[in-house]
2 protein chains.
Amino acid sequence: MASVTIYDVAARADVSIKTVSRVMNNEPNVRPQMRERVLEAAGALGYAPNLSARSLAGSRSFVIAVFVDASLTLDHWRSERGSDYLQRIQLGATVESRGAGYHLLVELIDHDDPRVRQEVGALLAALKPDGVILTPPSCDNEVVLELLDKAGTPYVRLGPEKPEGLGPRVHMDDVAAAREMTDHLIGLGHRRIGFITGDQRYGASQARREGYVAAMKARGLKVDKAWLQPGDFTFESGHKAATALLALDERPTAIFASSDEMALGALAAAAEAELSCPGDLSVAGFDDSPVSRLSRPQLTTIRQPLVEMSTLATKMLINGVTRKAEAGTGPRDELLPFTLIHRASTAPPKG
Amino acid sequence: MASVTIYDVAARADVSIKTVSRVMNNEPNVRPQMRERVLEAAGALGYAPNLSARSLAGSRSFVIAVFVDASLTLDHWRSERGSDYLQRIQLGATVESRGAGYHLLVELIDHDDPRVRQEVGALLAALKPDGVILTPPSCDNEVVLELLDKAGTPYVRLGPEKPEGLGPRVHMDDVAAAREMTDHLIGLGHRRIGFITGDQRYGASQARREGYVAAMKARGLKVDKAWLQPGDFTFESGHKAATALLALDERPTAIFASSDEMALGALAAAAEAELSCPGDLSVAGFDDSPVSRLSRPQLTTIRQPLVEMSTLATKMLINGVTRKAEAGTGPRDELLPFTLIHRASTAPPKG
DNA sequence: ATGAAAGCGCTAACAG
DNA sequence: CTGTTAGCGCTTTCAT
């Protein structure tokens with residue numbers, strides 16, 4: 001019942017606790033023979049160093065925290081969006097942490113609440129995490145960033161497009177991705193292309209719209225205001241926006257939605273309007289979420305390297321790359337490539 | 001930079017550190033006036049008790065761990081199943097933990113690996129979590145349960161149908177749910193009902209099949225072997241199984257899939273066979289995952305109370321209900337109700 | 001290459 | 001009601 005401590009191991013191996021400590025931390029200056037004895041004793045006793053003690057006495061906590069916005073996550077759950085955005089981020093971080101002997105703590109924070117300063121301050125003081133991964137849109141919160149800086153806690157911002165130079169980040173070029181998808185549609189021969197925007201609380205939404213507009217303009221295509229429909233990433237909003245687009249006098253021959261769920265909504269709207277896809281209407285999504293493969297036709301979409309992003313972010317944190325980065329070395333900015341995945345929902349327009 | 005400690009607060013409030021400790025832990029025997037002074041000082045200093053120190057000195061760690069199977073989760077990710085099973089479980093646990101000042105640690109464990117004993121043993125020794133939530137199928141792993149018992153760590157098994165009396169659990173009656181769905185189809189007038197089973201590594205898969213078989217037999221309907229098709233919860237497996245079912249000489253008029261993703265696969269197979277749903281073929285799913293609303297027609301399915309289950313499990317852990325339960329008091333077994341959600345994919349058969 | 005001593009910041013068990 | 005004294009199990013100095 002009483003757990004085995006470093007003293008038990010030291011006694012059994014007949015060495016000092018310091019030697020045990022050295023072995024457990026892979027420190028130098030231990031003869032192979034001693035190391036062997038300690039390892040044997042630790043194994044026999046089933047010893048594992050107590051994390052709290054290590055963290056209290058030492059300078060590391062072996063904890064990586066992931067900050068996730070509370071209200072948006074609850075929203076997400078209630079609206080049953082069906083995106084596995086956070087899940088994919090978490091997967092990369094969990095696997096990478098585990099590999100390095102770290103533990104992943106998931107913390108909800110109200111990044112829009114005035115109490116965020118108190119809340120995050122307390123969190124950092126209590127947890128003393130060795131690193132923090134900031135998911136959108138918390139990655140853009142200046143109070144959070146300031147507290148992190150003040151506490152000297154290394155962090156990585158995941159996905160933010162906008163505020164540059166605010167701290168290390170790992171992200172994707174949403175503007176370029178949206179541009180490429182729009183170019184893809186134009187390349188197929190589409191000229192009237194409708195766009196459905198995402199939830200404005202996420203920075204990526206604006207970036208994607210920018211990419212769309214930029215690509216249209218670059219090809220000399222005018223962007224009719226009516227072709228820009230608001231959405232919030234949900235199926236319903238996509239359905240509604242697409243219905244509006246398809247009711248236009250000169251209706252678009254293609255619709256580019258800022259999320260796969262909205263693209264599915266557009267697909268449903270097309271079916272209701274008795275338009276076939278991709279014959280009468282091409283539909284493109286964004287995210288390559290699992291649902292993009294559950295529709296007929298399957299969606300042409302943009303694959304975001306979310307798992308790779310969180311894996312890299314975790315690696316940076318654990319390797320202390322960020323710490324060095326803060327001292328002026330190492331990369332502070334990693335841009336990961338996206339992929340346009342061409343499936344069955346986009347094709348040349350009829351006629 | 002140097003963090004503020006209990007001594008700083010005590011000095012500023014001109015009390016002993018013990019009084020500060022009492023206030024921070026809401027212990028009795030502190031005059032309101034003292035409490036006020038301490039609170040003021042703590043607020044001014046931005047003090048939050050260090051978790052490691054609390055956990056090292058005291059008997060609580062303020063950490064709840066969620067054990068998730070590593071290889072299945074990676075499988076899940078690679079196959080892009082699109083289920084938000086774990087996400088919903090985690091949501092309930094995270095919100096509930098946060099409300100009580102606890103923190104949620106997500107740990108991947110290889111529950112099928114021979115090293116699981118060593119791995120989980122080390123995890124418990126290092127973390128000393130105040131409670132562990134076991135998700136399927138780790139909740140059925142006897143080595144894990146044994147280690148937990150030996151370590152005296154309270155835990156709750158989430159979802160397990162099978163091994164009873166092995167420890168506190170919060171679950172749903174999968175057998176009854178599958179029976180009810182089958183009854184629903186029979187009630188609509190269906191007699192030839194195909195069934196697609198789930199991944200056999202999950203206990204729920206067998207339970208759902210049992211429910212289906214029981215309902216059929218209870219109504220005096222024979223279960224043709226060919227009507228039981230194997231699946232693994234994925235869209236593709238559902239597609240394949242449904243294709244096989246629809247190729248039968250006497251094809252079923254309804255298909256009951258053990259997951260929503262497989263039901264969507266069945267929907268796709270029906271479309272390819274030029275069968276309309278629900279006109280020519282009724283399709284039912286299981287889980288009420290977000291994707292069940294992204295199809296046309298939307299799926300009739302079973303809603304699992306996953307968030308409620310994990311919320312309750314967390315509550316039990318934090319309130320120490322389990323600890324008492326282990327001493328003989330309190331409920332060791334919570335059965336939460338499911339809901340049959342009737343949407344558009346099921347209807348009476350033609351003719 | 002190894003060990004002894006001194007805390008890390010807090011709670012527990014007592015005193016008063 | 002409040003304070004004092006010991007540790008919790010480790011890592012850090014700093015000796016040897």
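Each chain gets a letter, A, B and so on, in the order the sequences are listed, and its residues count up from 1.
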Check whether any side-chain heavy atom of [X] sits under 4.5 Å from a side-chain heavy atom of [Y], and report yes or no.
| X | Y | result |
| --- | --- | --- |
| A/Thr135 | A/Leu86 | yes |
| A/Ser55 | A/Phe62 | no |
| B/Val63 | B/Asp130 | no |
| B/Tyr102 | B/Glu96 | no |

Can you tell me if the side-chain N/O atoms of [X] get under 4.0 Å from OP1 or OP2 in [N]?
| X | N | answer |
| --- | --- | --- |
| A/Ser59 | D/dT12 | yes |
| A/Thr5 | D/dG9 | no |
| A/Thr19 | C/dG3 | yes |
| B/Ser21 | C/dT11 | yes |
| B/Tyr7 | C/dG7 | no |

Nucleotide of [options] approaching [X] most closely (side-chain heavy atoms):
| X | options | answer |
| --- | --- | --- |
| A/Asn29 | C/dG3, C/dC10, C/dA1 | C/dA1 |
| A/Ser3 | C/dG9, C/dC10, D/dG9 | D/dG9 |
| B/Ala53 | D/dG3, C/dC10, C/dT2 | C/dC10 |
| B/Ser16 | C/dA4, D/dT4, D/dG9 | D/dT4 |

Nearest-angstrom distance from the residue atom [atom1] of [X] to [atom2] of [N]:
| X | N | atom1 | atom2 | value |
| --- | --- | --- | --- | --- |
| B/Leu51 | C/dC8 | CG | C1' | 14 Å |
| A/Asp14 | C/dA1 | CG | P | 20 Å |
| A/Leu56 | C/dC10 | CG | C1' | 8 Å |
| B/Arg37 | D/dC1 | CZ | P | 15 Å |
| A/Glu27 | D/dC10 | CD | P | 14 Å |
| B/Asn25 | C/dA13 | CG | P | 14 Å |
| B/Ile17 | D/dG7 | CD1 | P | 15 Å |
| A/Arg22 | D/dT12 | CZ | P | 11 Å |

Original post:
Taking all atoms of both residues into account, what is the closest heavy-atom pair of B/His111 and B/Pro137, and its distance?
Top reply: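 For B/His111 and B/Pro137, the tightest heavy-atom pair comes out as CE1-CG, 3.5 Å.
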Original post:
Reckon A/Asn50 touches a base, only the sugar-phosphate, or nothing at all at heavy-atom distances under 4.0 Å?
Top reply: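 Sugar-phosphate contact only - A/Asn50 comes under 4.0 Å of backbone atoms but never of a base.
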**OP:** Can you check whether any acceptor in the base of C/dA4 is under 3.5 Å from a donor in the side chain of A/Lys18, or vice versa?
**Re:**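 No pair found.
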Original post:
Can a donor-acceptor pair under 3.5 Å be found between the side-chain atoms of A/Arg31 and the base atoms of C/dT2?
Top reply: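 No, the side chain and the base share no sub-3.5 Å donor-acceptor pair.
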Subject >> Position toward the 5' end of DNA chain D (nearest nucleotide), B/Arg35 or A/Ala57 >> reply: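 Nearest nucleotide further toward 5': that of B/Arg35.
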Original post:
When you match A/Met24 and B/Val30 each to their closest nucleotide on DNA chain D, which lands nearer the 5' end?
Top reply: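 Its nucleotide being nearer the 5' end, the pick is B/Val30.
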Subject >> Which residue lies more 5' along DNA chain C, comparing A/Gly58 with B/Arg60 via nearest heavy atoms >> reply: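 Of the two residues, A/Gly58 wins.
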Original post:
Any ion pair linking B/Asp110 and A/Arg98 (charged N to carboxylate O, less than 4.0 Å)?
Top reply: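 Looking at B/Asp110 together with A/Arg98, the answer is yes, because their closest N to O distance falls below 4.0 Å.
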